[in-house]
Amino acid sequence: MISRNENLSNPLSSSENSSPLIPNEWPEEGKEILRSCPVCSGFERSVLHPELTDRIFFCAPGVWSMYRCDDCRCGYLDPRPTPQAIGLAYAEYYTHAAPQEEVFLSSSTFIGRRLAFLRNGYLNVRFPRLGLTPSHPLGFRFLKYCPETHALAERDVRHLPAPSPGAKLLDIGCGSGAFVRRALSMGYLAEGLEFDAQAVSAAIGAGLPVHEGSLPNTGLAEGSYDVVTLSQVIEHLHDPIAALLEIHRLLKPGGWFWLATPNMDAPGHIQFGPDWRGLEPPRHLVLFSAKALALALERTGFNDIDFKPPGAVTKWFYKASFRISKNAKPDADIALPANLARLARRRDSLSLTNPVQGEELVVMAQKPF
Ligand SMILES: [Zn+2]
């Protein structure tokens with residue numbers, strides 16, 4: 001649920017472009033103590049960030065400690081908000097904002113705009129029902145020579161296979177349904193699941209089939225989906241293992257699961273430390289390393305685990321992290337220094353060949369037949 005649109009007003013912020021108000025205390029009865037890793041149950045750990053606060057939206061009170069598990073290398077808050085109290089962290093959260101149509105990431109980049117006709121031609125071959133314009137008929141053949149655009153194009157369609165007739169897709173944490181709409185146009189019988197009632201209303205109002213509910217108890221029928229997607233959700237969940245087991249239950253044998261989440265081992269995390277945008281305390285409860293994610297997927301019954309290039313997302317993470325490092329409001333217009341912009345581009349290129357070294361982990365896995 002990372003939003004790439006942070007231009008929201010916030011009543012807790014000052015009217016200046018810097019020094020927003022410091023959040024108040026989180027109520028003690030609204031905290032729970034873990035003492036062990038929520039992914040692998042290991043007890044060995046070390047403090048990574050002792051004093052994190054919500055400097056993204058300045059709406060969640062409290063000061064939080066993040067530990068890194070010595071075994072699976074994931075990061076987790078301890079103590080953390082209880083499931084009953086977590087709503088405090090979302091009081092002014094962006095999912096309540098007016099629904100917006102998600103923009104194809106690849107249209108937001110210089111390369112993406114220049115190569116849009118090749119990208120569209122490529123995607124029209126992958127998913128003939130898309131009918132994107134303008135397109136070039138040789139796009140499918142030529143995009144392999146443009147790895148950055150290829151990575152973005154695949155990210156736009158979540159690396160999914162072309163649907164067989166009647167294939168069903170569920171997007172969990174779908175917000176107002178932007179990807180449900182896209183999956184429908186790709187040819188899937190697509191549905192969404194979303195916990196935020198306002199977002200569900202917006203999606204239904206737009207004619208999209210979206211259920212209200214959340215992981216791990218979705219209430220949906222076992223073995224009913226060919227594909228489940230989960231974008232920027234698992235890091236928000238109290239019990240990610242229970243969530244993965246539920247997704248496994250929802251899939252048909254041979255069904256595909258696609259997931260995206262911030263990467264605990266992201267270069268931006270090393271670069272910006274506690275100011276890294278991916279941390280988002282206390283809404284992000286667990287940050288996965290590639291090792292932790294692969295372990296969790298294996299233990300919940302998935303196989304064919306395949307990490308994919310996340311696409312050119314590094315500049316977005318770096319710009320947000322740089323803004324956080326300046327303690328500035330979400331809507332502050334602070335340019336990324338040129339050296340960091342160059343570094344972000346280099347990191348994007350490296351993630352093409354080493355996908356687990358990007359700002360996000362993007363992975364596909366299969367439920368065995
Ligand atoms: Zn662990």
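All values below were derived from every heavy atom in this structure, side-chain atoms included, with hydrogens, water molecules and symmetry-related copies excluded. Residues take their numbers from the sequence shown, with the count starting at 1. If you're wondering where the values come from, they're calculated on a predicted model, not measured in any experiment.
The two atoms that bring His248 and Lys367 nearest to each other are O-NZ, 2.8 Å, heavy atoms only. Minimum heavy-atom separation, Lys319 to Ile334: CE-O, 3.4 Å. Nearest approach of Leu285 to His236, heavy atoms of both residues: CD1-O, 3.5 Å. Between Ala260 and Arg155, the shortest heavy-atom distance links the atoms CB-NH2, 3.9 Å. Taking all atoms of both residues into account, the shortest heavy-atom contact from Pro282 to Trp26 is CG-CZ3, 4.1 Å. When all heavy atoms of Val39 and Ala296 are compared, the closest pair comes out as CG1-CB, 4.1 Å.
In the hydrophobic clustering (ILVMFWY side chains linked at under 4.5 Å, chained through shared members), Leu352 stands by itself. Alongside Leu34, the hydrophobic cluster contains Val47, Tyr67, Tyr76 (criterion: ILVMFWY side chains under 4.5 Å).
Between Phe257 atom CZ and Gln366 atom CD the span is 13.5 Å, to the nearest 0.5 Å. Between Asp304 atom CG and Met364 atom CE the span is 10.0 Å, to the nearest 0.5 Å. To the nearest 0.5 Å, atom NZ of residue Lys168 and atom OG of residue Ser224 are 5.0 Å apart. Once rounded to the nearest 0.5 Å, the distance linking NZ of Lys329 with CD1 of Ile324 reads 15.5 Å. Distance CG/Leu245 to CG/Leu250: 11.0 Å, rounded to 0.5 Å. Atom CZ of Phe179 and atom CG of Leu184 lie 9.5 Å apart (nearest 0.5 Å).
For the residue pair Ser349 / Glu148, a side-chain donor-acceptor distance below 3.5 Å is found, with atom types taken as modelled. Side chains of Glu235 and Thr261: a donor-acceptor N/O pair is present below 3.5 angstrom, by distance only. In the model, Glu359 has a side-chain atom that pairs as donor or acceptor with a side-chain atom of Trp276 under 3.5 Å. Side-chain contact, Asp265 with Ser289: no donor N or O sits under 3.5 Å from an acceptor N or O. In this structure, a donor-acceptor pair under 3.5 Å is present between the side chains of Thr218 and Glu246. Defined by atom type and a distance below 3.5 Å, a donor-acceptor pair is present between the side-chain atoms of Thr229 and Arg158.
Between the side chain of Glu194 and the main chain of Glu212, no donor-acceptor pair closer than 3.5 Å is present. Between the side chain of Ser164 and the main chain of Ala167, no donor-acceptor pair closer than 3.5 Å is present. Asp226 contributes no side-chain N or O that, together with a main-chain N or O of Trp256, makes up a donor-acceptor pair within less than 3.5 Å. Judged purely by atom type and a 3.5 angstrom limit, Asp78 uses its side chain to pair as donor or acceptor with the backbone of Arg35. Within the 3.5 Å criterion, the main-chain N or O of Glu51 finds no donor-acceptor partner in the side chain of His49. No side-chain donor-acceptor contact under 3.5 Å links Arg80 to the backbone of His284. The backbone N or O of Met264 lies less than 3.5 Å from a partner atom in the side chain of His269, making a donor-acceptor pair.
Remark: Lys291 does not engage Asp71 in a salt bridge, criterion side-chain N to carboxylate O under 4.0 Å. A salt bridge is defined here as a Lys NZ or Arg NE, NH1 or NH2 lying under 4.0 Å from an Asp or Glu carboxylate O, and Asp275 with Arg323 fails to meet this definition. Ion pairing between Lys308 and Glu154 fails under the 4.0 Å rule for side-chain N and carboxylate O.
Using cut-offs of 30° and 60° on the angle between ring planes, the pair Tyr122 and Phe140 is parallel.
Partners of Phe322 according to the ring-ring contact (aromatic ring centres under 6.0 Å, His included) rule, which considers only residues two or more places apart in sequence or in another chain, do not exist here. Residues meeting the ring-ring contact (aromatic ring centres under 6.0 Å, His included) test with Tyr225, sequence neighbours left out: none. In terms of the side chain to side chain contact (heavy atoms under 4.5 Å, CB included) criterion, residue partners of Leu350 (sequence neighbours excluded) are, by chain and number, Arg347. In terms of the ring-ring contact (aromatic ring centres under 6.0 Å, His included) criterion, His238 has no residue partners (sequence neighbours excluded).
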Q) Taking it one step at a time, do Leu215 and Leu237 satisfy side chain to side chain contact (heavy atoms under 4.5 Å, CB included)? A) CA-CA 8 Å; Leu215 288 167; Leu237 302 180; 3.9 Å; yes
Q: Go through the steps for Ser351 and Gln357 under the test side chain to side chain contact (heavy atoms under 4.5 Å, CB included), then give the verdict.
A: CA-CA 6 Å; Ser351 74; Gln357 285 299 308; 5.6 Å; no
Q: Might you work through the salt bridge (charged side-chain N to carboxylate O under 4.0 Å, His left out) test for Asp54 and Arg283, ending with a clear yes or no?
A: CA-CA 9 Å; Asp54 178 12; Arg283 289 174 291 274; 3.0 Å; yes
Q: List the steps and the verdict of side chain to side chain contact (heavy atoms under 4.5 Å, CB included) for Phe58 and Thr53.
A: CA-CA 8 Å; Phe58 297 92; Thr53 56; over 6 Å; no
(Q) Under the criterion side chain to side chain contact (heavy atoms under 4.5 Å, CB included), I'd like the reasoning laid out for Ser321 against Arg277: C-alpha separation, chi angles, the key distance, then a yes or no. (A) CA-CA 5 Å; Ser321 304; Arg277 174 61 178 82; 3.6 Å; yes
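Put simply, Met186 and Val227 are part of the same group of oily side chains (I, L, V, M, F, W, Y) that touch within less than 4.5 Å, one to the next. A continuous path of Ile, Leu, Val, Met, Phe, Trp and Tyr side chains, each step under 4.5 Å between heavy atoms, connects Phe302 with Phe307, placing both in one hydrophobic cluster. The hydrophobic clustering, which links ILVMFWY residues whose side-chain heavy atoms are closer than 4.5 Å, places Tyr90 and Ile234 together. Hydrophobic clustering (ILVMFWY, side-chain heavy atoms < 4.5 Å, transitive): Leu244 and Phe288 are in one cluster. Both Val286 and Leu48 sit in one connected hydrophobic cluster of ILVMFWY residues. Membership requires side-chain heavy atoms under 4.5 Å apart, directly or through other members.
Remark: of the listed residues Leu259, Leu297, Leu230, Leu230 is the sole one forming a side chain to side chain contact (heavy atoms under 4.5 Å, CB included) with Ile247.
Between Phe317 and Phe272, a ring centre-to-centre spacing not shorter than 6.0 Å is recorded.
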